[in-house]
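Since the structure comes first, as structure tokens, the remarks are kept for the end.
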Amino acid sequence: MDDGWYDEAAGPLVRPYAITAGRTPGLAGAQLDVATQVMTLRSAETTDTGLTPEHLQIKRLCQRPLSVAELAAHMNLPLGVIRVLCGDLIERGVVIVRSPAQRVEAPDRELLQAVLDGLSNL
């Protein structure tokens with residue numbers, strides 16, 4: 001099917017900088033790494049006014065948590081563009097984000113032994 005908006009040799013007619021109006025990730029978007037999970041808030045049902053088709057696609061895709069990298073792959077857009085668009089949605093209260101869980105190191109064995117000895121002495 002040829003809908004005329006995409007040329008295999010030239011790529012999409014709407015360039016990434018046009019989607020973001022030349023903006024780069026702002027404060028909210030700059031903090032999003034590739035593993036950050038994005039999810040649409042249920043209370044964001046009526047906030048579609050002023051959203052671009054790309055914003056609406058993110059809102060639809062993120063009914064379940066998706067990472068920034070997954071969004072970029074699903075939408076075939078660069079990570080920087082996804083960060084800008086997600087930053088817009090964060091500022092509008094449409095989506096929430098969660099950073100990936102940090103790997104927690106087990107406490108030192110000597111510290112645990114000292115705590116156990118201290119409790120035993122009580």
Side-chain angles (χ1 to χ4, degrees):
M1 177 178 153
D2 184 18
D3 55 8
W5 71 272
Y6 188 84
D7 179 349
E8 288 295 326
L13 295 180
V14 178
R15 298 291 184 207
Y17 62 84
I19 294 171
T20 63
R23 296 174 297 137
T24 58
L27 185 58
Q31 297 174 358
L32 303 175
D33 68 11
V34 294
T36 299
Q37 299 289 304
V38 181
M39 186 168 178
T40 301
L41 292 170
R42 293 193 192 278
S43 61
E45 299 289 327
T46 60
T47 58
D48 291 353
T49 305
L51 294 179
T52 66
E54 293 80 14
H55 287 120
L56 294 172
Q57 186 176 6
I58 291 172
K59 184 179 172 185
R60 190 182 79 257
L61 286 170
C62 291
Q63 295 300 313
R64 65 176 182 85
L66 283 178
S67 71
V68 172
E70 289 172 307
L71 280 172
H74 283 294
M75 296 178 66
N76 197 26
L77 291 172
L79 286 168
V81 171
I82 296 298
R83 286 183 176 122
V84 170
L85 297 174
C86 286
D88 294 344
L89 294 172
I90 292 167
E91 289 173 4
R92 290 183 66 145
V94 176
V95 298
I96 56 171
V97 294
R98 298 282 184 246
S99 294
Q102 300 289 329
R103 185 177 180 151
V104 178
E105 292 185 29
D108 182 29
R109 186 171 177 86
E110 291 176 14
L111 174 63
L112 291 175
Q113 187 61 51
V115 170
L116 182 61
D117 292 342
L119 290 173
S120 297
N121 291 334
L122 293 175

About how many Å separate [atom2] of [Y] and [atom1] of [X], when rounded to the nearest 0.5 Å?
X	Y	atom1	atom2	result
H55	C86	NE2	SG	8.5 Å
L85	K59	CG	NZ	14.5 Å
M39	C62	CE	SG	9.0 Å

Check the pair V34, R83 against side-chain contact (heavy atoms from CB on, under 4.5 Å), reporting the backbone distance first and the verdict last.
CA-CA 9 Å; V34 294; R83 286 183 176 122; 4.0 Å; yes
Grab the two heavy atoms, one from [X] and one from [Y], that are nearest each other, plus how far apart they are.
X	Y	result
T49	R92	O-NH2, 2.6 Å
M75	Q57	CE-OE1, 3.6 Å
I96	L41	CG2-CD2, 3.4 Å
A72	I82	CA-CG1, 3.7 Å
R60	Q63	O-CG, 3.1 Å
A69	L79	CA-CD2, 3.9 Å

Should L66 and V38 be marked as a side-chain contact (heavy atoms from CB on, under 4.5 Å) after you check the CA-CA gap, both sets of side-chain angles, and the distance that decides it?
CA-CA 5 Å; L66 283 178; V38 181; 5.7 Å; no
I58 side chain near V94 side chain, heavy-atom distance below 4.5 Å:
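Contact flag for I58/V94 side chains = no.
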Donor-acceptor contacts, no H, no angles, side chain residues 115-122, under 3.5 Å, sequence neighbours left out:
| unit_1 | atom_1 | unit_2 | atom_2 | d |
| --- | --- | --- | --- | --- |
| D117 | OD1 | Q113 | NE2 | 2.9 |
| S120 | OG | L116 | O | 2.9 |
| N121 | ND2 | D117 | O | 3.3 |

side-chain contact (heavy atoms from CB on, under 4.5 Å) assessment of D33 paired with V68
CA-CA 7 Å; D33 68 11; V68 172; over 6 Å; no
If only atom types and distance count, is the side chain of H74 paired as donor or acceptor with the main-chain N or O of L71 below 3.5 Å?
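A pair under 3.5 Å: no.
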